[in-house]
Amino acid sequence: DGGSVKRLLAVLLLTLAAVGLCWPAQGRSRPLVVVADDSFSMLAVSGGVSARARAEAALRREVSRLQPTSVRLGLAGRTLRLGPPLRPAGLGRALDDWRCTAPTVDLTGALRTVRLQDPDAWVLVLTDHPPPANDGNSPAADRRRWLSVGVPAANAGVVHAARTALGPDRDRVLVAVRLFGRPAGR
């Protein structure tokens, strides 16, 4: 009967109104994918702040500015570990998994994976590396923002070591140390 259909429709509409069902505007429905450099170098501290901490602060500013409908956090090491879409408010818990323990990072491969899985998303790259020289020539470059949060600092590291046995109780060790970055005061 027509009355029960109207009552059923009214209950359905009241239920939808109570739940707060809404559709985002067409221009605001683009998701944000964050490609975070998960390499050990992001733990380097300069001026008392790590590159990871600077990147997290930059990420929070960008999310506030862009106000995306969803955010996916991808941790880039040798491979990309892409998390599920989250509401921007849930990003803090996802950042707890960003520990920067990968021995290396493949940002090119990570961006390729993101383009395949989420071709229409805005992409934010957080790293301590500068963008590739040809970054602006890519068709997806207009939907990508690269934030380099590294700071050139004096740093020395062992780049080569060799040991030679001279006898049963004697060895010779050759160690090559290289200076990276700028020495203090220059």
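These values consider heavy atoms only, across backbone and side chains, with no hydrogens, waters or symmetry-generated copies. Numbering starts at 1 and runs along the sequence shown.
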pair Val175-His160: side-chain heavy atoms closer than 4.5 Å: no
Distance-minimising heavy-atom pair for Trp98 and Met42: CZ2-CE, 3.9 Å
Salt-bridge present (Asp38, Arg99; N to O < 4.0 Å): no
Heavy-atom side-chain contact between Ser50 and Val45 under 4.5 Å: yes
Arg72 side chain vs Gly83 backbone, donor-acceptor pair below 3.5 Å: yes
Note, Val125 side chain near Leu147 side chain (heavy atom, < 4.5 Å): no
Side chain Ser148, main chain Gly150, donor-acceptor under 3.5 Å: no
Asp97 side, atom CG; Leu75 side, atom CG - distance, nearest 0.5 Å: 7.0 Å
Residues clustering with Phe40 (ILVMFWY side chains joined when closer than 4.5 Å, directly or via others): Leu43
Arg145 CZ to Glu62 CD distance, which is reported to the nearest 0.5 Å: 4.0 Å
Separation of Leu126 CG from Asp37 CG (nearest 0.5 Å): 9.0 Å
Option passing side-chain contact (heavy atoms from CB on, under 4.5 Å) with Leu32 (candidates Asp118, Val123, Leu91, Leu124): Leu124
Single-linkage hydrophobic cluster, 4.5 Å side-chain cutoff, Trp122 and Leu86 together: no
Exam field: side chain Thr113 to backbone Gly109, donor-acceptor pair closer than 3.5 Å: yes
Minimum side-chain heavy-atom gap Pro68-Pro88 below 4.5 Å: yes
Under 3.5 Å donor-acceptor, Arg54 side chain and Val149 backbone: yes
Cluster link Val173 to Val177, ILVMFWY, side chain under 4.5 Å: yes
same_hphob_cluster(Leu95, Val71) at 4.5 Å side-chain heavy-atom cutoff: yes
Heavy-atom check, side chain of Arg81 versus side chain of Leu73, under 4.5 Å: no
Close side-chain approach of Arg144 and Pro131, heavy atoms under 4.5 Å: no
Atom of Val105, atom of Ser39 and distance for their closest heavy-atom approach: CB-CB, 4.1 Å
Point-to-point distance, once rounded to the nearest 0.5 Å, from OG of Ser46 to CG of Asp128: 11.5 Å
Ala165: partners by side chain to side chain contact (heavy atoms under 4.5 Å, CB included), with sequence neighbours left out: Asp171
Gap between atom OG1 of Thr69 and atom CG of Leu66 - 0.5 Å precision: 11.0 Å
Shortest non-hydrogen separation from Gly77 to Ala102 and the atoms involved: CA-CB, 3.7 Å
ILVMFWY network linking Trp146 to Leu82, side-chain heavy atoms under 4.5 angstrom: yes
Neighbour count >12 (heavy atoms, 6.0 Å) for atom CZ, Arg93: no
Approximate separation, where rounding is to 0.5 Å, of Arg112 CZ and Leu80 CG: 11.5 Å
